[in-house]
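Below is one structure, written out as structure tokens, with a few remarks after it.
Here is how names work: the chains are called A, B, and so on, in the same order as the sequence lines, proteins then strands, and each is numbered from 1.
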Amino acid sequence: MEYNFREAEKKWQAYWAKNKTFKPEEKSTKPKYYVLDMFPYPSGAGLHVGHPLGYIASDIFARYKRLKGFNVLHPMGYDSFGLPAEQYAIQTGQHPEITTKTNIARYREQLDKIGFSFDWDREVRTSNPDYYKWTQWIFIQLFNSWYNPETNKAENISTLIPKLKGFDKLSEKEQSDLLLEHRLAYLSDTMVNWCPQLGTVLANEEVKDGVSERGGYPVERKLMKQWSLRITAYADRLLNDLDGIDWTESIKEAQRNWIGKSEGTSLKFKIENSTSEIEVFTTRPDTVFGVSFVTLAPEHELVSQITTATQKTAVEEYITFAKNRSERERMADVKKITGVFTGAFVIHPFTGKQIPIWLGDYVLAGYGTGAVMAVPGHDSRDYAFAKHFDLPIIEVVAGGDLSKESYDAKEGKLINSDFLNGLEVKDAVKKAIAKIEEQGLGKGKTNFRLRDAIFGRQRYWGEPIPVYYENGIPKVLDEKEIPLLLPEVDKYLPTETGEPPLARASSSWRKDGKHEYEYSTMPGWAGSSWYFLRYMDAQNEKEFVSKDAVNYWQNVDLYIGGAEHATGHLLYVRFWTKFLNDLGLIPVTEPAKKLINQGMIQGVSKYVSIASFLLEIHTDENGDTHPLFQNFLVNPDYPSELCVHKYSVPIPIDLVKEENGKFYFYSDAIEEYTKVDVLSNWSILTKDIFLEENKENFKVNKGNIEYSNFFENKVEVLPVVEKMSKSKRNVVTPDTIVEQQGADCLRLYEMFLGPLEQSKPWNTSGISGVSNFIRKLWRLYHNGETLNISNDAATKPELKALHKTIKKISYDIENFSFNTSVSNFMICVNELTDLKCNKREILEPLAIIIAPYAPHIAEELWEKLGHTTSISYATFPELNESYLVESAFSYPVSFNGKTRFFQEYDLSLTKEQIEKEVLTLEQTQKYLEGKTPKKIIVVHNKIVNIVI
RNA sequence: GCGGAUGUGGCGUAAUUGGCAGCCGCGCCAGACUUAGGAUCUGGUGCCGAAAGGCGUGGGGGUUCGAGUCCCUUCAUCCGCACCA
């Protein structure tokens, strides 16, 4: 009887659901283990084959831990607030909640079919009021807290008030404003990334190369009143605690860079003929004698005050120029040096010399003080600026060649530097800081690159911020008043006056019927910043998580997800965890002990080339002319000079046919394509069309066109490996494989593809090997139609095959090397098949070790073996090393490192005995060619090497 | 520019961590069976060579009895950050 995976998989999925097999024990004496996946955003394209890669790995680990006697928490949920559902709502008018529910239903169906061991009773959806009530609750706690630098943790704002002198005498508004400067959730005027097309502000990590990460729309800098979270208060702890967690070095490094701690000193420069001073921040106070100018950001507040009359026009022009240069341009031409002299000077604090003040847009207004002391000799940016404007370059650290480039290294002896002369850089830094502090010119200081996190989004589909305004003063709702539900609106667009969509809610959407609520909603990362806690106690209506639950589950033991969340989600969730810990609400300071980043499974998009031709120039009744184009599908090598415009678009991969390693799009698929893209109006450019009928209209006439440039009914398409996405039309869902080869096959195959962390394009060419393996495994337990199991004692080779596998699989799982375990299962089954093994003593443990990988077939075999309970809670077989012990070893005998032949020796032989034995061999004499060996190396159980 | 990762047969990959390079699978070749199937089974398959043998882990150099593995150097590809003073 062949294994019927369709029946078996359905049966066991139903069994697990009915028996709540994967519900962790409530009051358990077992050790706990918490395995978490980054929950998905339920997109309209459905789950693609990349999602399950991480889920399968974590599921294997969770199932393995159960077999090892752990009480395992392995939940799943949905990050269900977000932009795509809202964009869809804007286009169709359909409430995002409906879209979201439909998408979730599809995800759930797909997930269920893969046989994950999730405890679905703990499912969370960030867009559910039961859930976002507690997201709002945490926001309220943030609002009510400040960061006390003395205790180095967050405290209730009430502990701050006594420290604020004259607080009582202030008006209510003044009190509110003052407290907002300290609250961890605060409202302020902030420079934000404003995206006009999306109608919202974006966080820094949502902006890539000056355009929005989602959609690629331009982003501009704008001053807006915004809610922010004071993550910078935690900068130092977020940085230091990285050392204590087992995360990949690349993620930790990305977070370190993002936090960007730099230690240095502030230093004041007196402005000549003025009482004002310019304060700069520098990490190289040792180079203070190398300062030859000072550069201010164009936005610096002192600019208008110090600019001299003669420079006024030039400076104003420059400021206008700098302002209008969009962020994107500034990033695009980093190399372009721009600046202007203000006409003013500062006095060097040590030498008393006159130093010019310049403006330059290489200085960022938002970092440090927005001013730098320029040391062109030892800072490459200052060097470039100095060279460009012909400013003096002074060498103060020996070791470089300043005629070629600046010498930025922090090594060498100080020169031309008065009291620092002769010191090494490290010592000079210390001495310079001491001197600066002594003379009251500044003091040692630490700066961070990390900015506070802007927390408001001018969008509909997010958690409402639980704030209302009374006489212009922002106040948070009482705990009893949440959840503050999302109101109904007529459209999901900003109002005509530019207010966020929530402003469209009816006028009854008011606190106590009169006070306006905040119209911004929370960003996408709000709900995901604490969801790992909610799973511990998902149904709790009284608290975000109970003390009992969090004291038991603590934090995530193994977290698997994509590396793209390095500086977003993974930083915010650490921040919230530390905050909740400060408040004494949870016992842990980090969300996850271990983090693994699964690689991305890329799609292979297929791009078809399109040539645009000018058909005619149409003149309308007003006399305006409009060019009329016609587009034709052409081969990729079609010369672009033979058309007005040539471009390529991705087409659905299932409309492409492969022939001899090349890909083609046939004309009979065009109709199918127009269903996906109604705007397309293509036909394939054929010789006839080109040469005969429309030749004149194409406005090209380049003489003889090779016929090979044209095909009658197909064009070649080019494959491109890139991220799977709906817009690239390259999404492959796991559904087909589950349908055709089964969930176990998908699970094994995704693991078999290669190391978990590695990215690779999806390719099913090897799947038949895995499918064959599953059938072979089944046959091992069967003799033709019937189950064939013997209770006889296993033989030594059988035991060896099994225990070798137990050893390897345990090692592999614990090292997250899932690909190698699949090969080892294959090796084991091959060996046992060759041995014709049908012993219960072997086949029972084999079913258990394979169960985490292929749970359906394992359950089915387990049941056939006579068991009445799920294999999920069987005991992982104990390794017995004695079965692996060999008595002899076949030594490779090599000469000068080249293996020539093999010779078996008993392992009890000493090195000396082997050495003696080897020399007596006929073969040895042959390779020695009569020479005497210089040296013989015998490594026990490894190798014999004879050096001639 | 800085940081991270990767480079091994036709392809996906493996190598007990310094000890026989290429396990397992795909593909390919040959054969068996056959109700001719994209089924199943058996054998072969790094490259050059008829063979003996030689060459081989991106390139170059080094350490070592011995290097895919360690060190130096260089190239290529991918990802992240990017004027952070």
Can you tell me the distance, in whole Å, between the [atom1] atom of [X] and the [atom2] atom of [N]?
X: A/N830; N: B/rA14; atom1: CG; atom2: C1'; result: 15 Å
X: A/K760; N: B/rG7; atom1: NZ; atom2: P; result: 13 Å
X: A/N941; N: B/rC20; atom1: CG; atom2: P; result: 12 Å
X: A/N824; N: B/rC24; atom1: CG; atom2: P; result: 10 Å
X: A/K410; N: B/rA85; atom1: NZ; atom2: P; result: 8 Å
X: A/L571; N: B/rG80; atom1: CG; atom2: P; result: 17 Å
X: A/M826; N: B/rG25; atom1: CE; atom2: C1'; result: 6 Å
X: A/H565; N: B/rC79; atom1: NE2; atom2: C1'; result: 15 Å

Watson-Crick or G-U wobble partner for [N], using a 3.5 Å limit on both distances?
N: B/rG68; answer: none
N: B/rG37; answer: none
N: B/rC24; answer: B/rG12
N: B/rA30; answer: B/rU42
N: B/rU63; answer: none
N: B/rA82; answer: none
N: B/rG7; answer: B/rC75

Can you tell me which nucleotide in [options] comes closest to the side chain of [X]?
X: A/I943; options: B/rC20, B/rC83, B/rG12; result: B/rC20
X: A/P892; options: B/rC20, B/rC24, B/rA85; result: B/rC20
X: A/E253; options: B/rG3, B/rA21, B/rC65; result: B/rG3
X: A/L753; options: B/rC26, B/rC24, B/rG12; result: B/rG12
X: A/R449; options: B/rC81, B/rA14, B/rA85; result: B/rC81
X: A/S768; options: B/rA85, B/rC65, B/rC26; result: B/rC26

Distance, [atom1] atom - from [M] to [N], rounded to whole angstrom:
N: B/rG12; M: B/rU16; atom1: C1'; result: 22 Å
N: B/rG54; M: B/rG1; atom1: P; result: 44 Å
N: B/rC28; M: B/rG4; atom1: P; result: 42 Å
N: B/rG25; M: B/rU34; atom1: C1'; result: 26 Å
N: B/rG9; M: B/rG58; atom1: C1'; result: 15 Å
N: B/rA39; M: B/rU57; atom1: C1'; result: 38 Å
N: B/rG66; M: B/rU17; atom1: C1'; result: 15 Å
N: B/rA51; M: B/rU6; atom1: P; result: 39 Å

- request: Please check the phosphate of B/rA85 (OP1 and OP2 only) for any side-chain N or O of A/Y367 closer than 4.0 Å.
  value: yes

task: Check whether any side-chain N or O of A/R779 sits under 4.0 Å from OP1 or OP2 of B/rC41, and answer yes or no.
output: yes

Sugar-phosphate only, base, or nothing, as touched by [X] at under 4.0 Å among non-hydrogen atoms:
X: A/I937; answer: base
X: A/N772; answer: sugar-phosphate
X: A/E249; answer: nothing
X: A/F902; answer: base
X: A/S759; answer: nothing
X: A/V939; answer: base

message: Counting neighbours of NZ on A/K807 that are heavy atoms of other residues, nucleotides or ligands and sit closer than 6.0 Å, is the number greater than 12?
response: no

- prompt: So with a 6.0 Å cut-off around NZ of A/K252, is the heavy-atom count from everything else above 12?
  reply: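 Buried by this count: over 12 neighbours within 6.0 Å.
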
- prompt: Between A/N824 and A/K804, does any side-chain donor sit less than 3.5 Å from a side-chain acceptor?
  reply: no

- prompt: So, A/S406 versus A/D408: side-chain donor-acceptor pair below 3.5 Å or not?
  reply: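 Their side chains do contain a donor-acceptor pair, which is all the 3.5 Å distance test asks for.
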
- prompt: Which residue lies toward the 5' end of RNA chain B, A/N819 or A/M373, if each is placed at its nearest nucleotide?
  reply: A/N819

message: Reading RNA chain B from 5' onward, which residue's closest nucleotide shows up sooner: A/S894 or A/R775?
response: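 Result: A/S894.
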
Chi-angle category of [N] [syn within 90° of 0, anti beyond]:
N: B/rG61; answer: anti
N: B/rU8; answer: anti
N: B/rG9; answer: syn

message: Please give me the minimum heavy-atom distance between A/A374 and A/Y362, naming the atom from each residue.
response: CB-OH, 4.2 Å

query: Do A/K935 and A/N945 pass the side chain to side chain donor-acceptor pair (under 3.5 Å) test, and can you show the C-alpha distance, the side-chain angles, and the key distance before you say yes or no?
result: CA-CA 8 Å; A/K935 197 172 173 185; A/N945 190 18; over 6 Å; no

field: Side chain A/N257 and base B/rC81 donor-acceptor under 3.5 Å
entry: no

task: May I ask you to check whether A/F889 and A/H940 place their ring centres under 6.0 Å from each other?
output: no

query: Do the two ring centres, one from A/F293 and one from A/F385, sit under 6.0 Å apart?
result: yes

side-chain contact (heavy atoms from CB on, under 4.5 Å) assessment of A/H378 paired with A/D286: CA-CA 10 Å; A/H378 307 283; A/D286 56 311; over 6 Å; no

